[in-house]
Amino acid sequence: MKIEIDFESDEALYIQLRNQIIYGIATRQYQEGDSLPSVRQLAETIGINMHTVNKAYAVLRQEGLLRLDRRTGAVIAVNIDKLKAMDEMQKQLRLVIARGLCKGISRGEVHQLVDEIFSEYE
């Protein structure tokens, strides 16, 4: 598992870790049922606090992407309901598209960006 943390970024470390795991799931680097390193092991590997890793794992669990168990640790469990996921995505996209419109980004440019992003995961 290759995780790259940017310690100079304004983005919180736990969010960076969460996002990298999400990208790993989307690109099929991590599959349903795969175990992630323990909190302690991952914290030591990337040089961050255990509480930071624990928070990232907790957020992923709340988002329906991880199952946490004292015996088996953190396991990829993509069990979120598709309709719920689409509703959440729509809410986030509304704001992203509104910001783009404020900057003069066209519908065609948005579609092109979406197509490019999807192609990264194929």
Side-chain angles (χ1 to χ4, degrees):
M1 175 172 177
K2 185 178 180 198
I3 300 289
E4 294 178 9
I5 298 296
D6 180 1
F7 292 98
E8 302 299 320
S9 174
D10 290 336
E11 189 171 50
L13 297 178
Y14 82 94
I15 294 294
Q16 290 184 52
L17 178 56
R18 168 196 162 257
N19 291 347
Q20 293 219 9
I21 293 170
I22 289 172
Y23 292 139
I25 294 168
T27 58
R28 295 179 184 90
Q29 182 180 357
Y30 313 121
Q31 303 286 326
E32 178 82 23
D34 286 353
S35 292
L36 295 178
S38 71
V39 169
R40 175 174 281 125
Q41 182 183 20
L42 187 54
E44 288 176 5
T45 300
I46 58 180
I48 61 176
N49 191 292
M50 286 179 20
H51 296 294
T52 303
V53 176
N54 198 39
K55 187 170 184 177
Y57 280 7
V59 170
L60 288 163
R61 183 189 57 78
Q62 290 172 345
E63 294 175 341
L65 299 171
L66 278 187
R67 182 181 73 246
L68 300 176
D69 184 290
R70 289 181 187 244
R71 295 175 309 237
T72 59
V75 177
I76 302 296
V78 187
N79 61 5
I80 192 166
D81 176 61
K82 184 176 180 178
L83 292 176
K84 181 180 175 187
M86 288 182 67
D87 184 53
E88 290 173 9
M89 183 182 280
Q90 184 180 40
K91 288 176 187 175
Q92 293 173 7
L93 281 172
R94 283 185 189 282
L95 182 58
V96 169
I97 290 171
R99 286 180 181 158
L101 288 172
C102 290
K103 298 291 185 177
I105 297 173
S106 72
R107 177 188 303 248
E109 290 169 320
V110 170
H111 284 275
Q112 182 180 349
L113 287 172
V114 169
D115 289 341
E116 288 173 12
I117 292 168
F118 264 91
S119 68
E120 291 174 12
Y121 298 115
E122 296 176 333

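For the single chain, residues carry numbers from 1 onward in sequence order.
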Is there side-chain contact between Thr52 and Leu17, with heavy atoms separated by less than 4.5 Å?
no
Can you tell me how far apart [atom1] ([X]) and [atom2] ([Y]) are? Round to the nearest 0.5 Å.
| X | Y | atom1 | atom2 | result |
| --- | --- | --- | --- | --- |
| Asp6 | Leu13 | CG | CG | 9.0 Å |
| Glu11 | Ile5 | CD | CD1 | 9.0 Å |
| Gln112 | Ile117 | CD | CD1 | 11.0 Å |
| Arg61 | Leu68 | CZ | CG | 6.0 Å |
| Asp115 | Glu120 | CG | CD | 11.5 Å |
| Leu101 | Arg107 | CG | CZ | 9.0 Å |

Which atoms form the tightest heavy-atom contact between [X] and [Y], and what is the distance?
| X | Y | result |
| --- | --- | --- |
| Glu4 | Gln16 | O-OE1, 4.4 Å |
| Phe7 | Ile46 | CZ-O, 3.8 Å |
| Glu32 | Ala77 | OE2-CA, 3.5 Å |
| Tyr57 | Pro37 | OH-O, 2.8 Å |
| Lys2 | Gln20 | O-OE1, 3.9 Å |

Carefully, step by step, assess Arg18 and Lys55 under the rule side-chain contact (heavy atoms from CB on, under 4.5 Å).
CA-CA 9 Å; Arg18 168 196 162 257; Lys55 187 170 184 177; over 6 Å; no
Before giving the answer on side-chain contact (heavy atoms from CB on, under 4.5 Å), spell out for Leu60 and Ile21 the whole-Å C-alpha distance, their side-chain angles and the decisive distance to 0.1 Å.
CA-CA 9 Å; Leu60 288 163; Ile21 293 170; 3.7 Å; yes
Donor-acceptor contact present, side-chain [X] to main-chain [Y], <3.5 Å:
| X | Y | value |
| --- | --- | --- |
| Asp34 | Gln31 | yes |
| Glu109 | Ser106 | yes |
| Thr27 | Tyr23 | yes |

If two hydrophobic side chains count as joined below 4.5 Å and joins carry through other members, does [X] share a cluster with [Y]?
| X | Y | answer |
| --- | --- | --- |
| Ile22 | Ile3 | yes |
| Phe118 | Ile105 | yes |
| Tyr14 | Leu66 | no |
| Ile48 | Met50 | yes |
| Ile25 | Leu36 | yes |

Using side chain to side chain contact (heavy atoms under 4.5 Å, CB included) as the criterion, point out the one residue from Lys84, Met89, Lys91 that pairs with Asp87.
Lys91
Flag yes if more than 12 heavy atoms outside Tyr121 fall under 6.0 Å of its OH atom; otherwise flag no.
yes
